[in-house]
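Single-structure report; data block below.
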Amino acid sequence: MTEELPDRYSAADVEQRIYQWWESKGYFKAQDVSTKPPFCIILPPPNVTGQLHMGHALDHTIQDVLIRWKRMSGFNALWLPGTDHAGIATQMVVERELKKKGESRREMGREEFVARVWEWKRQYGSRIYAQMKRLGDSCDWDRAVFTLDEGVSKAVRKVFVDLYKRNLIYKGQRLINWSWPLETAISDLEVEHRETKGSLWYVEYPVEGSDDKLTVATTRPETMLGDTAVAVHPEDDRYKRLIGKSAKLPLSGRLVPIIADEYVDKSFGSGVVKITPAHDFNDYQVGNRHGLPMINILEKNGLLNANAGPYEGMKVLDARKKIVEDLKAGGFLAKEEAHKHSVGYCSRSGAVVEPFLSEQWFVRTKPLAVQARRTVESGTTRFEPEMWTKTYLHWMEIIEDWCISRQLWWGHRVPAWHCADCGHVTVAETDPASCEKCQGTNLGQDEDVLDTWFSSALWPFSTMGWPGETETLKTFYPTNVLVTGHDIIFFWVARMMMMGLEFMRDVPFRKVLIHGLVRDQDGKKMSKSAGNSADPVELIETYGADALRFTIMAQIASGRDLKFSEQRLEGYRNFMNKIWNATRFSLAALKDFQAPADGEKASPNRSDMSAADHWIISRTQSVAKEVEAHMEEDRFSEAANALYHFVWNDFCDWYLELVKPIIYGAVSAERSATQLVLAQTLNRMMRLLHPFIPFITEEIWQKLPIRSEALIVDSYPTQRTDKDWFATASKDAVFEMEVVKEVIAAIRNIRGENSIKPGQAIKVRLAPADGRVQKILGENKVVIMRLARLEDVEIGEAGNLAKCALTPVRLPEASVDVIVPLEGVIDIAEEVKRIHKATEKIQKDMGVLTKKLGNENFVKNAPEELVLADRAQVEQFRAQLERLRDSLSRLQ
RNA sequence: AGGCGCUUAGCUCAGUUGGUAGAGCAAUACCCUUACAAGGUAUGGGUCGUGGGUUCGAGUCCCUCAGCGCCUACCA
């Protein structure tokens, strides 16, 4: 009933077909109402302009593995997808397109431009979804949400209005970060600080009414046009007497007061600071403390304004140059020093960020942060790894008001209307027809849009139909886990916590799983601009999505960054091929196998099973147990590695090899039993592997003799689901197989060390220490002969050891001497070397143990079983050494 | 400046309660053995960054120092 499979697995031929089949069958769908327990993850919405990058690949693979695992574990699993309108990013992309066509945003006006962006979105907005599907993301696509969808927009408005009415949103004139190329405010978090080479200029400010001069140190001399004070430290004896007097600004001649403020560091520069409240955050605070006027010297486009007098219309850097020249010419410049300092850059445009005085909307975050802090402190929401808790809590302590307005066109427009008649601002969920104060109809909507992160902050409930009281919310809120990188804890996680608690009265998620970032081989963060980012879609095309997923999952450990290497990916691609070929062999071995009617429940007669059969079932049980424990604790790499080892080493290297003599043998009850075990093991193996490598496992599943309709919705093997199957394995089988494996390994070692050609069959004598082991060896004689390539094996007394290689096999509770007569087979001298090597190793190990056991305190304090085990081990070593010495003496 | 993290085999990294160090890749030797050369068998390779402490016993817990990295704040 099996068809022929190609000997190489081709992911490209399989993955997209399988994905479409899953989707067409509706397997990704979750139920709003269900008897199953809910499990929900909301996808951190990628930018609608985004292309899938390695960061997504990492983030999504974790989520998909979790979702698939939970889905198979009987949960009503919902992975809710969506995309983010990404205000600045998208606006920039579309503007760039327009520019190519010779069009501009400003010329076409707001309405037309927004229409063009929507057009762009319609065309390219689902590109990222298509790429996610290549990765295997099993999202419930029918629920996909875009942040500008009607439902989400309604939620945004409701939240805005609500917070405004409660005075948690306000509009105010404040100093904010201004990106002049984009002509918009940006939040603190969108500013990147970079060490930059600059100069420190010492400028002399004459003191009014005296010959004194104050030397002011500054890195931005052009801002002196906006100076409204000069400050010194109140305890600075050099300048105490000048406090209260006025200084005369060079060039403009304007008078400014000399004030005292503790903010000034006496030891830095000259100990005198010029105060420019409208262009520096510290100065802004000093200005507020002293009630200083604020002089803004910049236009929105970054050029100097009328306040700059003769410098009006110049760019900041040009003005700086000119002013330095003028200061020098006027004799005001005392000196210039090279100076390194950190400068803020706009993370979007790359331009230097200017602190800029402007009218913006703010969220008062401190009251919101209180609960958001407490729920994490109390453990209602936990961070994993736990260390991020501190980062989060610290930020919640120092949190500042959040500037939520952006001077962009693409986004949620601020739902506030300014009355031209009375000046009142009407904030409302539905567009008002008239001013709520004077009833005038001369209303104009606020021009600003909201920070993209404002809508993102509502994501966990806005995507589920809030403010409606939906079944989705009832079932899935709070969500179970949020999976994200540590770079957006502040941007996003913290804000979702605040909003969720405020509007849903409950945390948005029970757990925040923080993972690391993807780096290149040199440890650099992957980024487009650095040109070092691997393209996951390309990698998927070359190696397959499964290989990429497994590479990620096998390496990701407790939130650490992961260095991506294609070599490693190749290794796991080989693993996929290994699985494929193991299946190919198995299916051939099952050609004449009749699938039992009771499918997964069918078990063979225990008496018909071989030791290998018992053993592989027991190994399956162990690995299932291990994987379950690791998955429960989010130790994905441990789970992945346990599976890797199980498949490659246990199943392929041992089980399949052990079973070959039976499979190739005559039809019998024993052979049928082994076929059944093989079929059942394949079934469990695919189920265990599926969350990690969904495509290949589903493809294989469809060809298995024992299977259900679809692996993706079959059950995940645990001690409970597969209790009966695991119970068919005899407990003795593990021990029995250990003996067999060790004996084979010992013979192989003798062969390898003595350079006996693989093709050359040899004779071996096995001398077991007791009847139990003797029985085991007898029962597995065929297997041992095959795997060790023997032409004959004798089991019994050690006999004459003359010219023999000997390896005492070490096992707790078992001992066998493996004896290979070497005469005519190899050079005796080689064997002498081998025995010396083996002896040294045992002596070394024994030395450690005897030293330990010689320590009274160890014997007194260590657990008894440990001491006993060590003693037994020493005894065994002693016996083994004796055998080796004996063997050595008989060689010469 | 403060906070956090890292330092284990040539490379990339695991190592959950402290009990004689592991994986993948790379390397070496031999093999196209009828599932797989994207494979098999065997082998070599580490005083777990430094110095100290706790303990019968430390890669694992505590302290010191060094190097690297990240985050936050910022020097006018």
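We name chains A, B, ... by the order of the sequence lines, and we start the count at 1 in each one.
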Check your understanding: The side chain of A/Val273 lies closest to which of these nucleotides: B/G40, B/U20, B/A76?
Key -> B/A76
Practice item. Check whether any side-chain N or O of A/Trp395 sits under 4.0 Å from OP1 or OP2 of B/A73, and answer yes or no. Key: no
Exercise for review: Quickly work out the A/Glu192 CD to B/A73 C1' distance and round it to whole Å.
Suggested key: 16 Å
Check your understanding: When rounded to the nearest Å, what value does the distance between C1' atoms of B/C48 and B/G15 take?
Key -> 11 Å
Review point. Can you find a donor-acceptor N/O pair under 3.5 angstrom joining the side chain of A/Lys860 to the base of B/C56?
Key: no
Study note, to complete from the structure: Whole-Å distance, A/Trp648 CH2 to B/A38 P, equals 11 Å
**Study point:** Contact under 4.0 Å: A/Arg8 side-chain N or O vs B/A38 OP1/OP2
**Key:** yes
Review point. When you compare B/G10 with B/G46, how far apart are their P atoms, in angstrom units rounded to a whole number?
Key: 8 Å
Practice item. Classify the nucleic acid contact of A/Glu753 as base, sugar-phosphate or nothing, counting any heavy atom under 4.0 Å across all strands shown. Key: sugar-phosphate
Exercise for review: Could you work out the separation of B/G59 and B/U12 based on their P atoms and round it to a whole Å?
Suggested key: 23 Å
Study note, to complete from the structure: Taking a pair to mean Watson-Crick or G-U wobble geometry with both distances below 3.5 Å, B/G24 pairs with B/C11
**Study point:** Basic-acidic side-chain contact under 4.0 Å: A/Arg320, A/Glu222
**Key:** yes
**Study point:** A/Asn581 CG - B/A35 C1' separation (whole Å)
**Key:** 5 Å
Revision key, fill the gap. With the side chain defined as heavy atoms from C-beta on, A/Lys757 is closest, among B/C30, B/G19, B/C36, to B/C30
Practice item. Pick base, sugar-phosphate or nothing for A/Glu657, based on heavy-atom distances below 4.0 Å to the nucleic acid. Key: base
Exercise for review: Would you classify A/Asp870 as touching base, sugar-phosphate or nothing, given that sugar-phosphate means primed atoms plus P, OP1 and OP2, and contacts are heavy atoms under 4.0 Å?
Suggested key: nothing
**Study point:** Separation of the P atoms in B/G24 and B/G39, to the nearest angstrom
**Key:** 12 Å
**Study point:** B/G57 versus B/G18 - spacing of their C1' atoms, nearest Å
**Key:** 8 Å
Practice item. For A/Glu632, look at atom CD and say whether over 12 heavy atoms of other residues, nucleotides or ligands are found less than 6.0 Å away. Key: yes
**Study point:** d(CD, A/Gln555; C1', B/C25) in whole Å
**Key:** 10 Å
Practice item. Describe the nucleic acid contact of A/His645 in one word from base, sugar-phosphate, nothing, applying a heavy-atom distance below 4.0 Å. Key: nothing
Review point. Are side-chain N/O atoms of A/Ser565 and A/Lys563 paired as donor and acceptor at under 3.5 Å?
Key: no
Revision key, fill the gap. Out of B/A76, B/G40, B/C36, minimum distance to the side chain of A/Asn577 belongs to B/C36
Review point. How is A/Asp653 classified with respect to the nucleic acid when contacts are heavy atoms under 4.0 Å: base, sugar-phosphate, or nothing?
Key: sugar-phosphate
Review point. When rounded to the nearest Å, what value does the distance between P atoms of B/U28 and B/G44 take?
Key: 16 Å
Point to revise | Base B/A23 paired with A/Glu638 side chain (donor-acceptor, <3.5 Å) | key: no
Review point. What integer number of Å spans the P atoms of B/U64 and B/G53?
Key: 15 Å
**Study point:** Gap between atoms CE and P, on A/Met576 and B/A38 respectively (whole Å)
**Key:** 17 Å
Practice item. Between A/Tyr664 and A/Asn649, name the one whose nearest nucleotide on RNA chain B is closer to the 5' end. Key: A/Asn649
Exercise for review: With the side chain of A/Tyr644 defined as its heavy atoms from C-beta on, choose the nearest nucleotide among B/A76, B/C75, B/G24.
Suggested key: B/G24
Review point. Which part of the nucleic acid, if any, lies within reach of A/Phe490 when heavy atoms closer than 4.0 Å are counted: base, sugar-phosphate only, or nothing?
Key: sugar-phosphate
**Study point:** A/Arg568 side-chain proximity, nearest of B/U20, B/G24, B/A35
**Key:** B/G24
Review point. Charged N to carboxylate O under 4.0 angstrom, A/Glu337 versus A/Lys335?
Key: yes
Point to revise | From B/C56, B/U20, B/A26, nucleotide with atom closest to A/Asn855 side chain | key: B/C56
Review point. Salt bridge or not for A/Lys837 and A/Glu840, using N-O below 4.0 Å?
Key: no
Exercise for review: Could you check A/Leu249, A/Val232, A/Val230 and say which one makes a side-chain contact (heavy atoms from CB on, under 4.5 Å) with A/Val216?
Suggested key: A/Val230
Review point. How would you label the contact of A/Val216 with the nucleic acid (heavy atoms, under 4.0 Å): base, sugar-phosphate, or nothing?
Key: nothing
Review point. For A/His193 and B/U72, what is the distance between atoms NE2 and C1' respectively, to the nearest whole Å?
Key: 9 Å
Review point. Do the side chain of A/Arg748 and the base of B/U41 come within less than 3.5 angstrom through a donor-acceptor pair of N or O atoms?
Key: no
Check your understanding: How far does the C1' atom of B/G19 sit from the matching atom of B/A23, given to the nearest Å?
Key -> 22 Å
Exercise for review: Looking only at side-chain atoms of A/Lys837, point me to the closest of B/G39, B/A76, B/G44.
Suggested key: B/G44
Review point. When you check the gap from the basic side-chain N to the acidic O, do A/Arg834 and A/Glu831 get nearer than 4.0 Å?
Key: yes
Exercise for review: Taking atom types as modelled, find out whether A/Glu699 and A/Tyr9 have a side-chain donor-acceptor pair closer than 3.5 angstrom.
Suggested key: no
Practice item. Could you tell me which nucleotide pairs with B/U41 by Watson-Crick or G-U wobble geometry, both distances under 3.5 Å, or answer none if nothing does? Key: B/A29
Study note, to complete from the structure: Answer for the Watson-Crick or wobble partner of B/U16, both distances under 3.5 Å, is none
Exercise for review: May I ask you to evaluate whether A/Lys390 reaches the phosphate of B/G2, defined as a side-chain N or O under 4.0 Å from OP1 or OP2?
Suggested key: no
Check your understanding: So, is A/Asn641 near the phosphate of B/G22, with a side-chain N or O under 4.0 Å from OP1 or OP2?
Key -> no
Review point. If you find the nucleotide of RNA chain B closest to A/Tyr9 and the one closest to A/Ile744, which residue's nucleotide is nearer the 5' end?
Key: A/Tyr9
Practice item. Find the partner of B/C68: check Watson-Crick (N1-N3 plus N6-O4 or O6-N4) and G-U wobble (N1-O2, O6-N3) distances, both under 3.5 Å, and reply none if neither fits. Key: B/G5
Practice item. May I have the distance from A/Ile514 (atom CD1) to B/C71 (atom C1'), rounded to whole angstrom? Key: 13 Å
Point to revise | Nucleotide nearest A/Asn749 (side chain, heavy atoms from C-beta), chosen from B/G19, B/U43, B/C25 | key: B/U43
Check your understanding: Between A/Asp546 and A/Tyr572, does any side-chain donor sit less than 3.5 Å from a side-chain acceptor?
Key -> no
Practice item. Identify which nucleotide among B/U20, B/A76, B/G39 has an atom closest to any side-chain atom of A/Thr219, counting heavy atoms from C-beta outward. Key: B/A76
Point to revise | Length of the CD-P vector between A/Glu262 and B/C74, whole Å | key: 19 Å
Point to revise | NZ/NE/NH1/NH2 to OD/OE distance under 4.0 Å, A/Arg635 and A/Glu384 | key: no
Review point. Nearest to the side chain of A/Ala862 - B/A35, B/G19, B/U33?
Key: B/G19
**Study point:** B/C56 OP1/OP2 closer than 4.0 Å to side-chain N/O of A/Asn861
**Key:** yes
**Study point:** Paired nucleotide for B/C48 [Watson-Crick or G-U wobble; both distances under 3.5 Å]
**Key:** none
Review point. Within less than 4.0 Å of OP1 or OP2 of B/G39, is there a side-chain N or O belonging to A/Asn574?
Key: yes
